[in-house]
Amino acid sequence: MATSGRRAVSGGGDRHFAVVDPATGEVFDEAPDQAPDALDALVERAHTAWRGWRADPAARTTALLAAADAVEAAGSRNLREARPV
(Lines give C-alpha, C1' and ligand atoms only; values in the text may rest on other atoms or scores of the structure.)
Protein backbone atom coordinates (compact mmCIF):
# COMPACT_ATOMS: atom_id res chain seq x y z
CA MET A 1 0.00 0.00 0.00
CA ALA A 2 1.24 3.48 -0.83
CA THR A 3 1.87 5.47 2.33
CA SER A 4 0.69 8.64 0.61
CA GLY A 5 -2.78 7.17 0.16
CA ARG A 6 -2.44 7.33 -3.64
CA ARG A 7 -2.30 4.53 -6.19
CA ALA A 8 -2.28 4.94 -9.95
CA VAL A 9 -5.55 4.03 -11.64
CA SER A 10 -5.55 3.42 -15.37
CA GLY A 11 -8.42 3.85 -17.74
CA GLY A 12 -10.21 6.51 -19.72
CA GLY A 13 -8.33 9.37 -21.31
CA ASP A 14 -7.65 11.24 -18.10
CA ARG A 15 -5.32 10.03 -15.39
CA HIS A 16 -6.80 9.46 -11.96
CA PHE A 17 -5.48 8.08 -8.73
CA ALA A 18 -7.22 5.94 -6.19
CA VAL A 19 -8.04 7.47 -2.83
CA VAL A 20 -7.07 4.87 -0.25
CA ASP A 21 -8.23 4.66 3.35
CA PRO A 22 -4.91 4.40 5.23
CA ALA A 23 -6.56 2.52 8.09
CA THR A 24 -7.92 -0.30 5.91
CA GLY A 25 -5.95 -0.04 2.67
CA GLU A 26 -9.26 -0.04 0.78
CA VAL A 27 -9.83 2.19 -2.23
CA PHE A 28 -12.92 4.28 -1.61
CA ASP A 29 -12.83 6.86 -4.41
CA GLU A 30 -10.90 8.25 -7.36
CA ALA A 31 -9.51 11.73 -7.88
CA PRO A 32 -8.07 13.36 -11.00
CA ASP A 33 -4.29 13.42 -11.15
CA GLN A 34 -3.34 17.03 -11.90
CA ALA A 35 -0.04 18.36 -13.19
CA PRO A 36 1.48 20.89 -10.77
CA ASP A 37 0.72 23.90 -13.02
CA ALA A 38 -2.90 22.78 -13.51
CA LEU A 39 -3.28 22.29 -9.77
CA ASP A 40 -1.85 25.77 -9.13
CA ALA A 41 -4.41 27.24 -11.56
CA LEU A 42 -7.26 25.41 -9.80
CA VAL A 43 -6.13 26.66 -6.41
CA GLU A 44 -5.88 30.22 -7.73
CA ARG A 45 -9.44 29.99 -9.09
CA ALA A 46 -10.62 28.72 -5.71
CA HIS A 47 -8.91 31.64 -3.96
CA THR A 48 -10.56 34.08 -6.36
CA ALA A 49 -13.98 32.51 -5.78
CA TRP A 50 -13.43 32.59 -2.02
CA ARG A 51 -12.75 36.34 -2.09
CA GLY A 52 -16.13 36.88 -3.78
CA TRP A 53 -17.81 34.44 -1.39
CA ARG A 54 -16.36 36.27 1.60
CA ALA A 55 -17.55 39.65 0.29
CA ASP A 56 -21.24 38.65 -0.04
CA PRO A 57 -22.65 37.53 3.33
CA ALA A 58 -26.24 37.24 2.05
CA ALA A 59 -25.27 34.90 -0.80
CA ARG A 60 -23.04 32.92 1.56
CA THR A 61 -25.89 32.49 4.08
CA THR A 62 -28.31 31.41 1.35
CA ALA A 63 -25.83 28.87 -0.06
CA LEU A 64 -24.98 27.44 3.36
CA LEU A 65 -28.65 27.09 4.32
CA ALA A 66 -29.36 25.33 1.01
CA ALA A 67 -26.42 22.97 1.61
CA ALA A 68 -27.66 22.25 5.14
CA ASP A 69 -31.13 21.46 3.79
CA ALA A 70 -29.63 19.08 1.21
CA VAL A 71 -27.55 17.28 3.85
CA GLU A 72 -30.56 16.99 6.14
CA ALA A 73 -32.72 15.62 3.32
CA ALA A 74 -30.04 13.08 2.36
CA GLY A 75 -29.72 12.02 5.99
CA SER A 76 -33.48 11.55 6.29
CA ARG A 77 -33.57 9.42 3.14
CA ASN A 78 -30.67 7.30 4.36
CA LEU A 79 -32.29 6.79 7.77
CA ARG A 80 -35.49 5.61 6.10
CA GLU A 81 -33.48 3.22 3.97
CA ALA A 82 -31.22 2.21 6.90
CA ARG A 83 -28.03 3.26 5.12
CA PRO A 84 -25.25 5.35 6.67
CA VAL A 85 -24.77 8.88 5.33
Side-chain angles (χ1 to χ4, degrees):
M1 171 176 62
T3 57
S4 67
R6 291 172 54 144
R7 293 185 190 158
V9 175
S10 61
D14 297 332
R15 291 182 45 88
H16 287 75
F17 64 89
V19 181
V20 179
D21 181 337
T24 65
E26 293 181 30
V27 174
F28 65 89
D29 205 349
E30 285 187 359
D33 195 10
Q34 297 290 326
D37 57 337
L39 185 56
D40 288 343
L42 289 170
V43 170
E44 181 55 38
R45 288 194 347 231
H47 280 272
T48 300
W50 178 75
R51 285 189 286 273
W53 169 264
R54 181 181 61 182
D56 191 346
R60 185 172 59 241
T61 298
T62 299
L64 290 172
L65 289 173
D69 289 344
V71 168
E72 187 175 308
S76 295
R77 276 193 309 275
N78 287 330
L79 284 174
R80 285 193 304 272
E81 297 169 9
R83 293 189 335 226
V85 175

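If you're wondering where the values come from, they're calculated on a predicted model, not measured in any experiment. What you see below is based on every heavy atom in this structure, not just the backbone, and it leaves out hydrogens, waters and symmetry mates.
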By the salt bridge (Lys or Arg N to Asp or Glu O under 4.0 Å) test, which pairs, at least two apart or in different chains, include something from residues 53-64?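 Qualifying pairs, neighbours excluded: none.
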Of all the heavy-atom pairs spanning Val19 and Glu30, show the shortest one and how long it is. CG2-C, 4.2 Å
Do any side-chain atoms of residues 61-69 form donor-acceptor pairs under 3.5 angstrom with protein atoms, and if so which ones, sequence neighbours left out?
residue: Thr61; atom: OG1; partner: Pro57; partner atom: O; Å: 2.9
residue: Thr62; atom: OG1; partner: Ala58; partner atom: O; Å: 3.0

May I ask you to check whether Thr48 and Arg51 show a side-chain donor-acceptor distance below 3.5 Å?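 Yes, because at least one side-chain N or O of Thr48 sits under 3.5 Å from a partner of the opposite role on Arg51.
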Treat each ILVMFWY residue as a node, draw an edge where side-chain heavy atoms are under 4.5 Å apart, and state whether Trp50 and Leu42 are in one component.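 Not linked; separate clusters.
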